[in-house]
Amino acid sequence: MREQGGIFKNLDPVLVALYVLMVIMGWLNIYASVFNDEHQSIFDFSQKYGKQMLWICTAFLLAIIVLIIDGNFYSAFSYPVYGISIISLILVLFIGKEISGSKSWFRVGEFGIQPAEFAKFAANMALAKYLSNINIKMTDARTKIISVALILLPILLIVLENETGCALVFFAFILVLYREGLSGNILLLGTAAAILFVLALLINKFILIGIIAGVALLLLLIVRRNRQNLAIIFGALFFASATIYSVDYAFSHLEPHQKKRINVFLGKETDKKKAGYNVNQSLIAIGSGGLSGKGYLQGTQTKYDFVPEQSTDFIFCTVGEEWGFVGSSVVIILFIILLLRIIFIAERQRSSYTRIYGYGVASILFFHLLVNIGMTIGLAPVIGIPLPFFSYGGSSLWSFTILLFIFIKMDAYRLQVLR
Amino acid sequence: MNRFSDRKFVIAAIFIFIGVVFLLRLFYIQVLDDDYKLSANNNVLRYVTQYPARGLIYDRDGELLVYNEAAYDLMVTPRQVKDLDTQNFCTTLGITKEVFIKKMKAARNYSPYKESIFEKQLSAETYATLQEKLYSFHGFYVQSRTLRKYPGLIAAHTLGYVGEVSEKYTQENPYYKSGDYIGISGVEKSYEKELRGKKGLSVMMVDVFNRPKGKFNNGEYDTLAVTGQNLVTALSAKLQRYGEQLMQGKTGGIVAIEPSTGEILAAISAPSYNPNLLVGRERSKNYGMLLQTEGLPLFNRALMAYYPPGSTFKLINDLIGQQEGVLTPNTSYYCDGGYHMGRQTVKCDARHNSIQLRAAVQHSCNTYHCYVFRSIVDNKKYKSTEEGYQVWRNHVLTFGIGVRLYSDLPQELKGMVPSVQYYDKYFGKGRWRSSTVVSLSIGQGELGITPLQMANTMCIIANRGYYYTPHIIKKVGKENLHLSKFKEKHYTDIDPKYYDVMIDGMQDVVDIGTAAGSKIKGITFCGKTGTAQNPHGKDHSLFVAFAPRENPKIAIGIMVENGGWGASWAAPIASLMIEKYLNDSIATPARHALEKRMLEGVIIMPKK
């Protein structure tokens with residue numbers, strides 16, 4: 001009964017429809033963002049929308065290939081795929097082409113391929129493979145160490161390539177680990193650390209530690225002073241101080257442009273010309289869209305290049321300017337539906353590999369959504385990562401397509417999976 | 001199936017939470033906050049000013065006095081400059097590499113994205129060669145603008161000049177933007193509003209590099225530039241030019257007015273300068289040069305220089321005497337060659353013996369006029385010298401002396417008629433009498449009158465008691481000028497009947513009197529010579545006249561610095577101008593000889 005009704009049988013229609021819809025919307029916005037009167041043919045390969053058309057066609061092809069490949073393949077070849085990905089990440093360090101300070105591209109003629117993008121689904125596969133092992137328990141220290149190692153290895157290599165933004169994406173896997181049994185405290189701790197991180201940059205470290213110590217003292221007076229509570233309070237105090245000091249240390253060792261970006265984001269510096277320019281122009285473009293937008297191809301801010309990187313990282317500006325609040329909302333709601341649908345499908349799997357993989361897909365997409373749109377509307381620092389399916393770029397589109405379609409394939413294949 | 005299965009709700013909640021946060025934020029920046037819409041317009045819209053052509057200026061006979069000539073500014077947008085063949089560029093412009101680097105730096109400092117002037121007003125040759133190569137100089141383009149051109153080379157002071165508006169003025173008057181041109185003096189200043197037209201505005205959309213991308217909303221918000229209005233001035237270029245030629249080599253001022261309208265026919269200030277010097281990129285250099293030039297060519301003597309009117313003032317003194325009832329045509333005084341006050345004497349040129357008013361004017365008898373002055377001021381009607389003097393002074397002021405006439409030329413000064421307070425301060429209260437200030441009667445002392453005021457007093461006498469505010473404008477655009485302020489008669493407080501005897505006397509001056517050398521064949525005219533005492537050197541030569549006697553067409557006031565007697569320079573020059581204006585040519589050989597002498601005559605100014 002294998003593969004009856006062809007490769008398109010049992011595909012989840014919602015996911016496929018959302019994917020196609022988003023890719024088309026993405027292309028329309030790329031067309032709008034680089035639109036000018038001189039080049040109007042949509043197949044003009046000297047223009048980004050022409051190239052993106054090519055990327056989209058090949059992505060569809062890739063999706064079909066992913067669907068054709070046997071459902072057992074992904075689980076079985078998770079580690080080899082991960083291995084190849086790690087090797088290409090190392091290779092690119094040596095033979096890659098340096099583009100604006102980052103050594104993360106293989107160049108093939110006009111086109112470039114970025115292995116870091118593909119490392120996302122590779123790491124996801126490896127993590128899913130490892131965690132779906134029957135004898136694995138998330139509570140074991142060994143499990144934690146190995147899972148974290150699987151994630152940290154690509155992070156390390158990608159940071160070496162100077163693609164910090166891309167590396168940050170891998171932290172999204174914390175959601176997967178959480179779903180698979182990692183203590184919720186770690187998630188909270190992570191959130192607390194993030195808040196502390198921001199505060200440490202904003203407030204003088206001594207004052208901040210003083211405040212936290214004060215809070216600790218207050219807690220000591222309120223709670224019962226048994227051994228456990230004392231340990232927690234002092235542990236937290238130590239942890240907080242350590243975080244603050246390390247943030248301070250790390251910040252002082254950042255590159256000046258990175259420092260500046262962070263300072264601008266935190267509002268400590270206003271620099272509308274340089275680092276803050278992107279965000280300011282992005283806000284102007286989106287904000288000027290109003291309720292219903294200026295109309296397709298009518299966006300003045302994006303059309304006349306006021307927003308930098310508008311077809312890649314800042315593609316959401318075009319949406320915001322030309323389609324207004326209505327259009328932006330549609331995009332965000334589509335993304336949330338996609339994420340929820342992925343979780344829903346993941347949860348109905350009999351195979352834990354597919355479930356874990358599905359959570360990985362959702363986490364990665366979510367992180368991209370969070371940072372990319374957050375950055376364009378001034379809620380997150382400027383970190384150059386693309387908006388899935390929308391942003392211009394072959395590597396990211398291919399990588400997201402493969403990432404999603406492996407999941408769609410395995411969902412379609414779920415009935416063949418023996419528990 | 002999995003004991004952590006409930007955690008899907010936590011994760012789903014996180015996703016939904018972030019989605020809601022994004023939606024709220026988007027709602028705020030897109031729907032609630034309008035700031036971004038404004039910023040977007042500021043980003044993308046450029047307001048490009050369309051400069052209208054400035055109005056042309058004509059003389060009363062339709063001769064073109066001022067027009068516009070195209071000039072070309074080389075503009076640069078530094079960001080767009082690339083692959084420039086600097087060597088070729090510099091050679092074409094005729095500049096050195098250092099200059100090029102300096103100018104590019106200045107432009108970049110101003111703005112890398114906005115255009116600024118790289119080189120002002122290219123010469124015609126440079127523009128021609130540059131134009132052929134311009135396509136290869138990316139980032140450069142030529143903007144045409146207009147420069148004022150003064151083809152007649154005359155009336156520099158009257159026409160004035162145009163220059164860049166001052167920073168301070170742009171703050172007071174928002175119409176002007178930094179770098180705009182504005183009339184700075186003369187007609188260019190007085191009629192700035194009419195001449196400048198109305199700037200137009202076109203709203204362009206530009207990209208981030210400030211490259212124009214077309215009209216905003218299909219030009220719905222554009223306004224067209226309105227060309228400035230042409231002016232027809234009252235000037236007679238013919239008379240003005242002739243007067244300037246006659247004043248070559250001399251220093252002084254002449255104003256000629258049409259008495260029946262108050263129109264200024266000529267306003268000459270010598271030495272003058274070529275008005276084209278104060279145009280274009282050499283302007284400030286030339287201005288500095290003119291400031292240094294001896295004879296102060298930038299000083300508009302016709303309107304600003306005031307001199308003691310000398311004997312020309314006796315006419316006014318006599319009119320006041322008649323009005324005050326202390327003088328009739330038959331009043332006679334005895335002149336023994338001077339007027340005596342104790343040990344002091346006001347000398348007379350001759351011993352006129354017993355003399356009456358008309359003859360006293362003809363011979364310009366000082367003694368007679370001192371008596372007249374004293375009879376006015378020391379009139380028993382008035383309780384004190386001060387009161388008498390005040391009455392005399394008030395009469396004088398109605399002649400437009402010591403007050404501004406408020407003509408339509410800027411720079412006009414009011415001259416000087418000393419007040420009671422002035423003398424009180426100078427001599428002490430109650431310490432001066434009519435005899436102390438008697439020299440006023442013969443136009444000496446502290447009196448000061450500009451050539452414009454001199455000419456205006458002639459209008460008053462020609463009109464027998466009134467004048468129109470002198471004005472340079474005749475027509476604005478196609479409309480005849482109907483400015484009521486120039487249609488209004490200003491009366492002196494002298495009864496018209498008292499003018500006749502003065503006019504008779506003035507005719508005698510020309511026919512048989514002090515200015516008999518300036519008689520014009522076929523034209524009966526009236527005049528009065530004057531000599532202003534000059535403590536710094538030779539006396540100033542003065543003459544006032546109107547012509548012809550019946551139905552006067554021209555009134556003139558002239559002052560030639562250091563010219564000596566009124567009859568030696570001022571009267572001949574005035575008579576030549578009158579003849580030229582009325583007859584178009586100089587008639588007799590004797591007059592031709594006079595003309596030649598006047599044209600060639602040079603009065604060297606004494607070194608001060």
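In what follows, every chain begins at residue 1, and chains take the letters A, B, ... in the order their sequences are listed.
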Please check if atom NZ in Lys198(B) has more than 12 non-hydrogen atoms from other residues, nucleotides or ligands closer than 6.0 Å. no

Min side-chain heavy-atom separation Leu23(B)-Ile333(A) under 4.5 Å: yes

If I measure from the heavy atoms of chain B, does Phe316(A) come under 4.5 Å with its side chain, its backbone, both, or neither? side chain

One pair to check against side-chain contact (heavy atoms from CB on, under 4.5 Å): Ile18(B) and Leu369(A). What are the steps and the verdict? CA-CA 9 Å; Ile18(B) 292 297; Leu369(A) 180 76; 5.5 Å; no

Student check: side-chain heavy atoms of Arg179(A) and Ile11(B) closer than 4.5 Å: yes

Here the gap from Phe22(B) atom CZ to Leu370(A) atom CG, rounded to the nearest 0.5 Å, amounts to 5.0 Å

Give a yes or no on whether Leu21(A) atom CG has more than 12 heavy-atom contacts from other residues, nucleotides or ligands under 6.0 Å away. yes

Any side-chain heavy atom of Phe15(B) sitting closer than 4.5 Å to one from Leu338(A)? no

Chain B contact via Ala346(A) - which portion, at a heavy-atom distance below 4.5 Å: neither

Quick check: do Leu339(A) and Ile16(B) have side-chain heavy atoms less than 4.5 Å from each other? no

Does any heavy atom of chain B fall under 4.5 Å from the side chain of Tyr178(A), the backbone, both, or neither of them? both

Does the side chain of Lys8(B) come within less than 4.5 Å of Tyr359(A)'s, by heavy atoms? yes

Inspect the surroundings of NZ in Lys105(B) and state if more than 12 heavy atoms from other residues, nucleotides or ligands are less than 6.0 Å away. no

Heavy-atom proximity to chain B below 4.5 Å, by part of Ile343(A): side chain

Which bit of Leu291(A) is near chain B, if near means a heavy-atom gap under 4.5 Å: side chain, backbone, both or neither? both

Most contact-rich option vs chain B, by heavy-atom pairs under 4.5 angstrom, among Ser352(A), Ser292(A), Gly324(A), Gly289(A), is Gly324(A)

So do Ile14(B) and Phe366(A) actually touch side chain to side chain, heavy atoms under 4.5 Å? yes

Note, Leu26(B) side chain near Ile377(A) side chain (heavy atom, < 4.5 Å): yes

Please say whether more than 12 non-hydrogen atoms of neighbouring residues, nucleotides or ligands are located less than 6.0 Å from CD in Gln87(B). no

Counting N and O atoms only, with roles assigned by atom type, does the side chain of Gln30(B) sit under 3.5 Å from a partner on the main chain of Ser288(A), one being a donor and the other an acceptor? no

In Å and rounded to the nearest 0.5 Å, what is the CZ to CD1 distance from Arg25(B) to Ile286(A)? 9.0 Å

